[in-house]
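See below for the structure under consideration.
Residue numbering restarts at 1 for every chain, and letters A, B, ... go by the order of the sequence lines.
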There are 2 protein chains.
Amino acid sequence: MATTELAVTISDAEWRVMRIVWTLGQADSRTIIDLLEQQHDWKAPTIKTLIGRLVKKGALGTTKNGRQFIYTPLIKEQAAMDGALLNELDQMCAMHRGTSLVHVMEQTELSKADVQNLIDCLAKKLPTAPEMVDCDCLPDGCEGSCES
Amino acid sequence: MATTELAVTISDAEWRVMRIVWTLGQADSRTIIDLLEQQHDWKAPTIKTLIGRLVKKGALGTTKNGRQFIYTPLIKEQAAMDGALLNELDQMCAMHRGTSLVHVMEQTELSKADVQNLIDCLAKKLPTAPEMVDCDCLPDGCEGSCES
DNA sequence: CAATTAAGATTACATTTGTAAACGAAGGGA
DNA sequence: TCCCTTCGTTTACAAATGTAATCTTAATTG
């Protein structure tokens with residue numbers, strides 16, 4: 001049985017740090033601090049705190065390199081992204097998720113390949129898609145019209 | 001110039017309360033408390049606190065009904081959902097958003113109509129979709145391979 | 001009318017998060 | 001060898017959040 005790795009929760013600010021490390025593959029604190037100081041008005045100690053918290057949370061791993069550390073991602077970027085989005089979606093009314101996804105699509109820039117993948121994925125779902133998805137906001141089930 | 005209504009932020013626990021009110025259209029505290037006590041192990045005072053915070057945040061409005069209040073949503077459910085998802089997506093690497101949306105689609109139950117709407121929306125995007133969306137994790141732009 | 005109940009308001013308290021200063025040890029240069 | 005730079009660690013502190021007890025007041029009931 002593999003270690004049940006319960007999804008690490010990454011806060012908004014921490015997310016910025018992770019993106020740097022994910023993109024570079026690995027990085028020492030100097031690099032992370034330099035890059036983030038350019039993108040935000042964060043002071044170096046702020047970024048150090050974020051790095052420290054990510055290490056404690058198990059999102060970043062460390063390798064000693066002389067006096068310093070080299071940080072590497074311990075969680076996958078795509079998995080973190082998928083998890084965060086699904087998490088958010090899961091706490092919303094099941095009946096309205098589809099509409100929300102349409103709105104999100106409309107406002108998100110996607111590459112041709114992404115659009116094609118999405119179309120393929122949806123085409124595959126179409127045959128087995130239910131006629132409707134019920135609201136799950138009330139204990140029993142929502143028969144109301146869900147005005148909003 | 002209309003009042004720039006800066007998106008109200010709703011926390012996870014508060015989200016549960018909003019869903020009840022959105023679904024019912026309006027509700028008094030007794031109703032909200034009864035329903036939520038069934039879904040969670042929350043005590044009545046906990047729910048009262050959440051309701052109070054939502055009123056203060058401007059997410060719920062009140063109408064006096066005798067000694068009690070009737071709560072109504074001041075923000076639209078669909079708008080709140082769209083905003084929360086876009087917010088989450090916006091803080092992620094632009095290059096990987098498409099893939100994440102594919103994964104989200106795969107794991108979300110959608111009605112036939114939703115699937116069709118999504119397909120239509122995507123079909124419309126396809127012609128103008130860029131060949132690729134660049135990573136925006138680094139200050140300048142990410143030319144790296146973005147291993148993750 | 002007195003005692004109980006219920007509704008909303010006030011207070012409480014630990015944890016997480018954003019944001020950062022201060023500190024201690026290890027190297028590098030004068 | 002002695003100071004200064006750096007890195008990582010410790011401490012700080014306010015706001016947001018999860019979770020709830022207590023209090024005040026007005027209404028319900030016997």
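Side-chain contact annotation: A:D120 with A:Q116, donor-acceptor N/O pair under 3.5 Å present. Side-chain N/O atoms of A:T31 and A:D34 include no donor and acceptor closer than 3.5 Å.
The interatomic distance linking A:L54 (CG) with C:dT16 (P) rounds to 14 Å, in whole Å.
Applying the ring-ring contact (aromatic ring centres under 6.0 Å, His included) test to every pair with at least one member in residues 26-64 of chain A, sequence neighbours left out, gives these pairs: A:H40-A:W42. Sorted by first then second residue, the ring-ring contact (aromatic ring centres under 6.0 Å, His included) pairs that include residues 99-121 of chain A, not counting sequence neighbours, number zero.
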5' to 3', nucleotides 3-21 of chain D under a 4.0 Å protein heavy-atom cut-off (B base, S sugar-phosphate only, - none) gives ----BBB--B----BBBBB
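Summarising the geometry of B:G58 relative to B:V8, their closest heavy-atom pair is O-CG2, 4.5 Å, with the distance given to 0.1 Å.
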